[in-house]
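Some notes on the structure that comes next.
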Amino acid sequence: MTQYKYKLDPTSKKFKCPKCGKKNRFVRYINNETNNYADPEFGRCDRLQKCAHFHKPTNTKSYEPKYHINEEVKLKVSTIQYEILNQTIKCFDINPLVQYLFKKYEKNKVEQIIKKYNIGTANMYNGAAIFWQMDDTGKIRTGKIMSYNTETGKRIKNNDGKPKINWVHFAMKKTNYNLKQCLFGLHLLNDNVKKVAIVESEKTALIMSLEMPEYTWMSTGSLLGFKHDFLKPLINKDIISYPDKGCYDKWSETAKKLNEKGYNITVSNIIEKKEYKEGWDLADAFEFEGKKNAIKQAKTDLNTTAEI
Ligand SMILES: [Zn+2]
């Protein structure tokens with residue numbers, strides 16, 4: 001089947017016809033990929049008897065607006081096809097994060113987690129992990145491509161000290177992509193999920209799913225991702241959040257405001273322990289406690305303190 005670049009606007013919105021001049025009769029073309037209108041000259045007049053002006057854009061050329069029109073164009077959230085995601089669920093031998101997890105956990109359990117969270121592999125950075133952001137309706141917002149050290153499981157940073165990160169929509173060179181990020185793991189939300197545990201890092205959400213598979217783990221992807229815009233699909237759920245060490249005050253403040261709006265968020269302070277280093281997160285704490293052969297204690301501690 002031919003994939004057309006443009007389609008007639010399926011909404012009921014109509015414009016002034018450039019031929020007969022009648023208002024609210026002209027259905028314009030929309031770019032299938034960006035959901036933006038094509039140039040205002042392209043469309044079909046619905047006065048079929050008296051005008052029927054029809055100007056169709058060809059699929060080979062680009063007809064993006066040459067100027068901004070003074071009208072509200074409601075941008076739809078852009079998404080990526082499932083086939084693209086599916087093509088990345090392979091080549092785990094070059095996926096540093098998966099290799100790291102294989103060393104630490106049982107292979108079949110890691111494989112289950114890969115499947116559950118749709119962990120992909122990118123060729124970029126000589127092999128990297130892709131964290132797909134799939135929303136609660138199964139739509140794919142984008143994928144975050146991150147590079148890790150296979151031995152330590154830590155992120156690899158550039159010379160400027162910033163982690164090596166890219167985005168699938170960016171790597172695919174998509175133009176006018178209306179990115180709206182969502183929580184990593186949001187696709188796991190359903191009516192049976194009563195409590196959701198939130199951490200900042202995607203890797204930590206995966207590790208915690210392995211350590212405590214009885215809970216649904218999601219991640220905000222960044223410190224600032226702990227906000228209404230990301231959390232709103234969870235408004236009716238019990239949320240327990242685990243900020244990284246040093247971020248407790250910030251997340252507590254946010255949670256307090258959100259709880260006034262009707263959320264039910266608890267913020268755990270268990271990472272704030274003195275012996276934990278700044279920037280540590282729940283997975284680091286687990287590893288630390290584990291090294292002291294105290295992982296069971298850690299779990300008990302988590303369960304009681306966090307009231308999960
Ligand atoms: Zn007309």
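Nothing fancy with the numbering, it's 1 onward along the sequence. Source: prediction; values computed, not measured. Atoms within a ligand are numbered from 1 in the order they appear, just like the ligands themselves.
Ring-plane geometry between Trp167 and His169 is classed as tilted, the angle between the planes lying from 30 to 60 degrees on a 0 to 90 degree scale. Between Tyr263 and His228, the two ring planes are perpendicular [angle over 60°; tilted spans 30° to 60°].
Taken from CD1 in Ile94 to CG in Asn126, the straight-line distance is 8.5 Å, to the nearest 0.5 Å.
Around the Zn ion (ligand 1), the protein N, O or S atoms found under 2.8 Å comprise Cys17 SG, Cys20 SG, Cys45 SG, Cys51 SG.
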- Task: Begin with the C-alpha distance, continue with both residues' side-chain angles, and end with the deciding distance and a verdict on side chain to side chain donor-acceptor pair (under 3.5 Å) for Asp9 and Tyr37.
- Result: CA-CA 8 Å; Asp9 186 352; Tyr37 283 114; 2.5 Å; yes
- Message: As a quick check of understanding, evaluate ring pair (Phe, Tyr, Trp, His ring centres under 6.0 Å) for Phe184 and Phe131, giving each step before the final call.
- Response: CA-CA 7 Å; Phe184 171 70; Phe131 299 116; 5.3 Å; yes
- Message: Under the criterion side chain to side chain donor-acceptor pair (under 3.5 Å), I'd like the reasoning laid out for His187 against Tyr117: C-alpha separation, chi angles, the key distance, then a yes or no.
- Response: CA-CA 8 Å; His187 65 290; Tyr117 283 89; over 6 Å; no
